[in-house]
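Have a look at the structure below, then the notes.
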Amino acid sequence: MLQQTQVSRVLEYWPRFLEQFPALPALASAPPASVREAWDGLGYYRRAANLQALARTVVSNGGVLPDDPAQLRRLPGVGRYTAGAVASFAFERRTAAVDTNVARVLRRAFHPRRANEATLWATAEALLPRRGRDAWTFNQAIMELGALVCTARVRRCEVCPVRAACATGRKVTSDK
DNA sequence: CTCCCGTCCG
DNA sequence: CGGACTGGAG
């Protein structure tokens, strides 16, 4: 649900969705129309179909989600970001997870000129703490930094905890 | 108009 | 690589 959709909007759907489909088996055996209906208004309806296909695949293969990013990535609707996010946040695997927030933070802090996806992921991996548990915290922290402080429109460099190490933030504070 | 905890297809 | 997919908020 969070793929390209704001948290505030997902919050209106996620609890109801989970109530209706408490776990993968329920989602797997549900009529596709009921899944689509539960998704109504959220947009990107392919995600709903992908999610049910994912549920069916996982259920028919023992019912357990893999914790490995490469294996997660093979599931429908799971790209590099989601695979990393699930592996890190659900399983505490040591993996990078670059979403739009993280990408923006990394761009501003380390690549003020231009940076492609590969560069951003490489930077994210280079910054990743050794232990999985600490990588979880790092991923959570950098993502929230982008969502709450280093935001797309108004960046709040004054309250940014990594301002001193940021290529963009250093200038911004001296300029304005 | 851009942006949002992207992914897939051509 | 670019574009499609979706809709609401700022």
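Letters go in sequence order (proteins before strands), and every chain restarts at 1.
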What are the atom names and distances for every N/O pair under 3.5 Å that joins the protein to nucleotides 2-4 of chain C?
none

Residue pairs involving residues 21-37 of chain A (criterion side-chain hydrogen bond (donor to acceptor under 3.5 Å, both in side chains); sequence neighbours excluded): Arg36(A)-Asp40(A)
Nucleotides 1-10 of chain B: protein proximity per nucleotide (B base, S sugar-phosphate only, - neither; heavy atom, under 4.0 Å): -BSBBBSS--
Whole-angstrom distance between dC1(C) and dC4(B), as gauged at atom C1': 23 Å
Nearest-Å distance once atom C1' is located in both dG3(C) and dC5(B): 22 Å
Separation of the C1' atoms in dT2(B) and dT6(C), to the nearest angstrom: 15 Å
Of all pairs that satisfy side-chain hydrogen bond (donor to acceptor under 3.5 Å, both in side chains), the ones with a partner from residues 47-62 of chain A, not counting sequence neighbours: Thr5(A)-Arg47(A)
Test: Glu125(A) and Arg80(A) ion pair at under 4.0 Å: yes
Contacts of Phe21(A) that satisfy ring pair (Phe, Tyr, Trp, His ring centres under 6.0 Å) - sequence neighbours left out: Phe17(A)
By side-chain contact (heavy atoms from CB on, under 4.5 Å) - contacts of Arg156(A) (at least two apart): Val149(A), Glu158(A), Val159(A)
Qualifying residues under side-chain contact (heavy atoms from CB on, under 4.5 Å), relative to Phe110(A), sequence neighbours excluded: Leu106(A), Thr123(A), Leu127(A)
All side-chain hydrogen bond (donor to acceptor under 3.5 Å, both in side chains) counterparts of Arg93(A), not counting sequence neighbours: Asp68(A)
Arg133(A): side-chain hydrogen bond (donor to acceptor under 3.5 Å, both in side chains) partners, not counting sequence neighbours: Thr137(A)
